[in-house]
Asks: 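This is the structure I want to talk about, given as structure tokens.
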2 protein chains.
Amino acid sequence: MNVKDALSALSALANEHRLKVFRLLVEAGHEGRSAGEIADALAMPASSLSFHLAHLNRAGLIAQRRESRSLIYSADFARMNALVAFLTENCCSGGVCAPLVKPQRRKSA
Amino acid sequence: MNVKDALSALSALANEHRLKVFRLLVEAGHEGRSAGEIADALAMPASSLSFHLAHLNRAGLIAQRRESRSLIYSADFARMNALVAFLTENCCSGGVCAPLVKPQRRKSA
DNA sequence: CTAATATTTCGATATTACTTGAAATATCAA
DNA sequence: TTGATATTTCAAGTAATATCGAAATATTAG
């Protein structure tokens, strides 16, 4: 991941609504959630949500697929991993800021 | 680190100039760099830099100390570590997106 | 105290981001 | 094809961020 991509991903996550959307999609796993389900869960107008989904999608953090009338969004874990790797490699130093690899708090998936 | 702090740190890093400043300070290590040195290195007007330094400082990603007439800024590695931990714990899932702990590309420090 | 240096704060402007109803597009079912 | 459902795109407004010269503040030296 280069600086441009990292900036794009960072600014995609640097918003309350988009961070919520992304976290919801992380919990949803590979299966994902439709735009309608996300809008219901987060109680936001469809057009507002669409704006934020487009932003996350442009940054490569989520994928979109159509299933009949619904558009299903899902988190792109590889991309998120690449962002974490970028931050660890470029914004940490001498091991001082190396990831702790804490035991993961697992949900259902 | 809570969601509010994470958003603050993400938006601080989600800017070309501030990411450059932060990376420069990571390389500078504990010693840090004065505002003037940073302005020279990145060729930006003092008042613009000051705006960005204040942003990073508010987010807790950098510390400020005075040394005679100069204000010295330095990266807060603990805070950066906390951000990476937040992203790993909250925005990854089932180990799919766990940090790889690649060998660090070391600079001088 | 006065001058010089280092940096921030102010203020005005410019740019970018967010919000949301309404209109447009896509899919499916009858 | 018509109607219903799901979602996006458009447009026009509001809000938040960024820019940078000039003025203000802090520190040191003479």
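None of these values were measured; they are calculated from a predicted model.
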Asks: Counting only side-chain nitrogens and oxygens, does B:Ser70 get under 4.0 Å of the OP1 or OP2 atom of D:dT27?
Replies: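 B:Ser70 to D:dT27 OP1/OP2: no side-chain N or O under 4.0 Å.
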
Asks: Determine: side-chain N/O of A:Ser68 to OP1/OP2 of C:dT27, distance under 4.0 Å, yes or no.
Replies: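 For C:dT27, neither OP1 nor OP2 has a side-chain N or O of A:Ser68 closer than 4.0 Å.
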
Asks: With rounding to the nearest 0.5 Å, note down the distance linking CG in B:Leu53 to CZ in B:Phe22.
Replies: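 Between B:Leu53 CG and B:Phe22 CZ, I get 12.0 Å after rounding to 0.5 Å.
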
Asks: Taking atom P of C:dT8 as reference, at what distance in whole Å does atom CD1 of B:Ile72 sit?
Replies: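 Atom-to-atom, B:Ile72 to C:dT8, this comes out as 11 Å.
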
Asks: Starting from the C-alpha separation in whole Å, work towards a yes-or-no answer on side-chain contact (heavy atoms from CB on, under 4.5 Å) for A:His55 and A:Asn15.
Replies: CA-CA 10 Å; A:His55 203 317; A:Asn15 172 280; over 6 Å; no

Asks: Report all interatomic pairs (protein N or O, nucleotide N or O of nucleotides 1-5 of chain C) with separations under 3.5 Å.
Replies:
| residue | atom | partner | partner atom | Å |
| --- | --- | --- | --- | --- |
| C:dT5 | O4' | B:Arg69 | NH1 | 3.4 |

Asks: For A:Arg33 and A:Ile72, run side-chain contact (heavy atoms from CB on, under 4.5 Å): C-alpha distance rounded to whole Å, both residues' side-chain angles, the deciding distance at 0.1 Å, then the answer.
Replies: CA-CA 5 Å; A:Arg33 290 280 181 272; A:Ile72 313 287; 5.8 Å; no

Asks: Find the distance between CE (A:Met80) and CE (A:Met1) and round it off to the nearest 0.5 Å.
Replies: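 A:Met80 atom CE to A:Met1 atom CE measures 9.0 Å (nearest 0.5 Å).
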
Asks: Just how far, in rounded Å, is P of C:dT27 from CZ of A:Arg65?
Replies: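 Result: 16 Å.
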
Asks: How many angstroms lie between atom CG of B:Leu25 and atom SG of A:Cys91, to the nearest 0.5 angstrom?
Replies: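 Result: 10.5 Å between the selected atoms.
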
Asks: Check the phosphate of D:dA18 against B:Asn15, side-chain N and O only, distance under 4.0 Å to OP1 or OP2. Yes or no?
Replies: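 Checking D:dA18 against B:Asn15, a side-chain N or O does come within under 4.0 Å of OP1 or OP2.
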
Asks: Give, ordered by number, those residues of residues 41-51 of chain B having at least one heavy-atom distance below 4.0 Å to an atom of DNA chain D; if nothing qualifies, reply none.
Replies: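 Listed by number, they are B:Pro45, B:Ser47, B:Ser48, B:Phe51.
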
Asks: Return yes if some donor-acceptor pair links the side-chain N/O of A:Arg23 with the main-chain N/O of A:Arg18 below 3.5 Å, else return no.
Replies: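 Flag not set: sc A:Arg23 to bb A:Arg18 has no pair under 3.5 Å.
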
Asks: Mind calculating the distance between CG (A:Leu56) and P (D:dT8) to the nearest angstrom?
Replies: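 About 12 Å, once rounded to whole Å.
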
Asks: Among the candidates D:dT7, C:dT8, C:dC18, find the nucleotide nearest to the side-chain atoms of A:His52.
Replies: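 Among the listed nucleotides, the one closest to the side chain of A:His52 is C:dC18.
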
Asks: Are B:Lys20 and B:Glu16 close enough for a salt bridge, meaning some N to O gap below 4.0 Å?
Replies: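 So B:Lys20 pairs with B:Glu16 through a salt bridge.
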
Asks: Using salt bridge (charged side-chain N to carboxylate O under 4.0 Å, His left out), reason through B:Arg65 and B:Glu67 one step at a time and then give a plain yes or no.
Replies: CA-CA 7 Å; B:Arg65 70 177 191 273; B:Glu67 243 168 57; 3.1 Å; yes

Asks: Does a nitrogen or oxygen in the side chain of A:Arg18 sit under 4.0 Å from OP1 or OP2 of C:dC18?
Replies: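 Yes.
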
Asks: For A:Tyr73 and D:dT8, is the shortest distance between a side-chain N/O and OP1 or OP2 below 4.0 Å?
Replies: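 So the side-chain polar atoms of A:Tyr73 do come within 4.0 Å of the phosphate oxygens OP1 or OP2 of D:dT8, strictly under.
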
Asks: Should B:Leu42 and B:His17 be marked as a side-chain contact (heavy atoms from CB on, under 4.5 Å) after you check the CA-CA gap, both sets of side-chain angles, and the distance that decides it?
Replies: CA-CA 8 Å; B:Leu42 304 184; B:His17 300 301; over 6 Å; no

